Amino acid sequence: MAALGSIEDAENGPSVRKSAVLLALRYYCGELRRQWRVAVPALTLPAIGNICLFYLAPLAVAGLVGHLSAGGDGTVGALLPYVLGFGALLLTGEALWRVGLHFLNRTDARGIERLGVVGMEELLAKDTAFFHDNFAGSLTKRVIGFSSRFEEFADTLTFSIMAKVVPLAFASVVLWRYHPLLVLVLVGLIIVTGVLVAPLIRRRQALVDEREAARVLVSGHVADVLTNMETVRAFAAEDREAAEYRVRIAEQRRLSLRSWDYGNLRVDTVVAPLSVLTSAVGLLLAVALRGGLGVEAIVVTFTYYTNTISIMFEFNQIYRRIESVLTEAAQFTELLLVPPTVVDPVDPQPLRPADASVRFERVRFGYAGGPPLFEDLDLDIPSGAKIGLVGQSGGGKSTLTRLLLRLMDVDGGRILIGGQDIARLRQADLRSLIAYVPQEPAMFHRSVRDNLAFARPGATDAEIFEAARAAHVTEFVESLPDGFDTLVGERGVKLSGGQRQRIALARAILRDAPILLLDEATSALDSESEILVQEALWRLMQDRTAVVVAHRLSTVVRMDRLVVLNRGRIVEQGTHSELLQAEGPYARLWHHQSGGFLIEDGTPDALHR
């Protein structure tokens, strides 16, 4: 996909990164708005609790000190109201925190759930080519990080921003009552800190981008190796892959240390002196203005300035957490900047095919970056016809099946099913008409039963069993430890190629769709399995439109018509016998092969050259 390629080429480009970060921020803020009833108390109650704990409680202490310094009554009875008020404020603050955390927990949990669903739906909407160009492990890390990092985003807003900024506003009001200069100096020092730190943080953002890109590469390599572990072992490549991993993880370590050290040695070395200066200036002002403030004001000023130091000192840490959250989330939202090219029409037609006919009408198509494969290709397949697509590799046979499934869109022309343009149908409606058996059947890490039922989730156990019996799946399932409930392993690793192929055929039987696509569907079957499955295939093709892609010509000799493709062009059409008599490309291919499949009893001639 050309668009995806442009994204990958500019993966570290500042404009792309900025757009991805802003998109992640919109998702996160949108989630807070969506559940505002729990998000508002989650964000505000801890802040009010901090006011009680760190700003109102010191006022009670300052009142007590002021009372004593003025020569007031020092008896227990006189001081008890101050102490009780101090205790009540602490209890109130803690209670507000507990209630706030109750709402925050629900904000986090619901946000993670919804964003996880959004992320999965976005991935499911992507083109097939998108998954060919991205590591499965990398995509897994990105989509999980997108949803899970919402928790840290909401927590940072609550604990490090709202819980600091709102009390600071309260402190400013109190200090203003003592003397406006106290507020101006405090706010001025915070602004100076922000101005000095901002360019350093921008530089650190670039370092963080490089660090996160390295993490994606590491996770992608791990997933790639684990997915292909049998190949790694077959080529004795364990040491080579381990060495490659050491190189990648070392690069991640180097980039991580560089970004962390920059924060510690460059950013914090600016913030730390300014935080000390703020505390010292606050004390100096309180003493200098003592004549008009009194001891109570000195205590309050020093306490508030000291509390403010934590905001300044955590300035880099707060930004670092927000930056880390949004950078990781942007690893996923970056994938969303280019929308999929295969999408449902805005105003889809209802599914009303006149029959199960298929027509390719002046179809033009070429893979991104390559020359056109099809130029004005026309192919008419009547309803109920059985068509074999044959020819040398690269001729476009499998591409036609993918275009029919609309896994890719044509560049020109159109494809019709039952007279309806498939581009005007919802993708789900289109694919409900087709049962597809690929050359390499995909198995989920689920039970045999679940893999079979994937074709039709509402199927009964009896229907599943009947489809399995027809495809001769029951013959090997009985020997599995838990029968139909046996887990097949990731990508069906616990099953042989022939067993996976039989399950794929059983899926097609269970699907019970009017159009059948077989793309080298028997390539993984041995001779014995072929004999077992051939009857099921013939029964499956009865009263259906069947398109069978085959390299072994013997698998399609009984088709109603054979279509010979060469470099995207139809060079011959006809029955097996007609094409042999024509002595063209098909005949030459046939003489290099031997037969052996899809032959009904009583037609042994097709088994010979």
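Nothing here was measured: the structure is a model prediction, and the numbers come from that model.
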Please name all residues satisfying salt bridge (Lys or Arg N to Asp or Glu O under 4.0 Å) with Arg215, sequence neighbours left out, ordered by chain then number.
Glu212
Evaluate the side-chain proximity of [Y] to [X]: yes if any heavy-atom separation is below 4.5 Å, no if none is.
| X | Y | answer |
| --- | --- | --- |
| Leu379 | Gln573 | yes |
| Tyr27 | Leu336 | yes |
| Ser393 | His551 | yes |
| Arg253 | Ile249 | no |
| Asp127 | Met408 | no |
| Val448 | Ile503 | yes |
| Arg507 | Asn451 | yes |
| Glu375 | Arg569 | no |

Where do [X] and [Y] come nearest, in terms of heavy atoms and distance?
| X | Y | result |
| --- | --- | --- |
| Leu351 | Asp429 | CD2-O, 3.6 Å |
| Gly366 | Asp411 | N-OD2, 2.9 Å |
| Arg500 | Leu495 | NH1-O, 2.7 Å |
| Glu572 | Tyr586 | OE1-N, 3.0 Å |
| Leu565 | Gly395 | CB-O, 3.9 Å |
| Arg511 | Ser432 | NH2-CA, 3.4 Å |

Hey, what do you get for [atom1] ([X]) to [atom2] ([Y]), rounding to the nearest 0.5 Å?
| X | Y | atom1 | atom2 | value |
| --- | --- | --- | --- | --- |
| Leu518 | Leu540 | CG | CG | 7.0 Å |
| Thr327 | Arg149 | OG1 | CZ | 9.0 Å |
| Leu335 | Glu122 | CG | CD | 10.0 Å |
| Leu516 | Leu433 | CG | CG | 13.0 Å |
| Leu405 | Ile434 | CG | CD1 | 4.5 Å |
| Leu487 | Arg446 | CG | CZ | 11.0 Å |

Sub-3.5 Å donor-acceptor pair from the side chain of [X] to the main-chain atoms of [Y], do we have one?
| X | Y | answer |
| --- | --- | --- |
| Lys397 | Gln392 | yes |
| Arg406 | Val342 | no |
| Arg142 | Gln331 | yes |
| Arg211 | Leu257 | no |
| Gln420 | Arg352 | yes |
| Asp560 | Lys386 | yes |
| Asn134 | Phe130 | yes |
| Thr545 | Ser383 | no |
| Gln35 | Thr107 | yes |
| Lys126 | Phe131 | no |

Could you go through the side-chain contact (heavy atoms from CB on, under 4.5 Å) check for Phe153 and Ile322 one step at a time?
CA-CA 6 Å; Phe153 177 79; Ile322 292 292; 4.1 Å; yes
Should the pair [X]-[Y] be classified as a salt bridge under the 4.0 Å nitrogen-to-oxygen rule?
| X | Y | value |
| --- | --- | --- |
| Asp461 | Arg449 | yes |
| Arg240 | Glu244 | no |
| Arg254 | Glu251 | yes |
| Asp512 | Arg544 | yes |

Chi angles and distances behind the side-chain contact (heavy atoms from CB on, under 4.5 Å) call for Glu361, Ile415
CA-CA 6 Å; Glu361 191 174 273; Ile415 302 174; over 6 Å; no
Assign the ring pair Phe444 / Phe454 to parallel, tilted or perpendicular, where the plane angle (0 to 90°) is split at 30° and 60°.
tilted
Would you please classify the geometry between the Phe146 ring and the Tyr28 ring as parallel, tilted or perpendicular, with 30° and 60° separating the classes?
parallel
Around [X], counting heavy atoms of other residues, nucleotides and ligands shown, do more than 12 lie under 6.0 Å from its [atom1]?
| X | atom1 | answer |
| --- | --- | --- |
| Tyr367 | OH | yes |
| Arg359 | CZ | yes |
| Met120 | CE | no |
| Arg362 | CZ | no |

Salt bridge (charged side-chain N to carboxylate O under 4.0 Å, His left out) contacts touching residues 106-117 (sequence neighbours left out):
Glu31-Arg114
Intermediate values then yes/no, side-chain contact (heavy atoms from CB on, under 4.5 Å), Gln501 and Val437
CA-CA 8 Å; Gln501 202 88 57; Val437 182; 4.2 Å; yes
Please walk me through it: do Leu32 and Leu157 pass side-chain contact (heavy atoms from CB on, under 4.5 Å)?
CA-CA 11 Å; Leu32 291 175; Leu157 281 181; 3.7 Å; yes
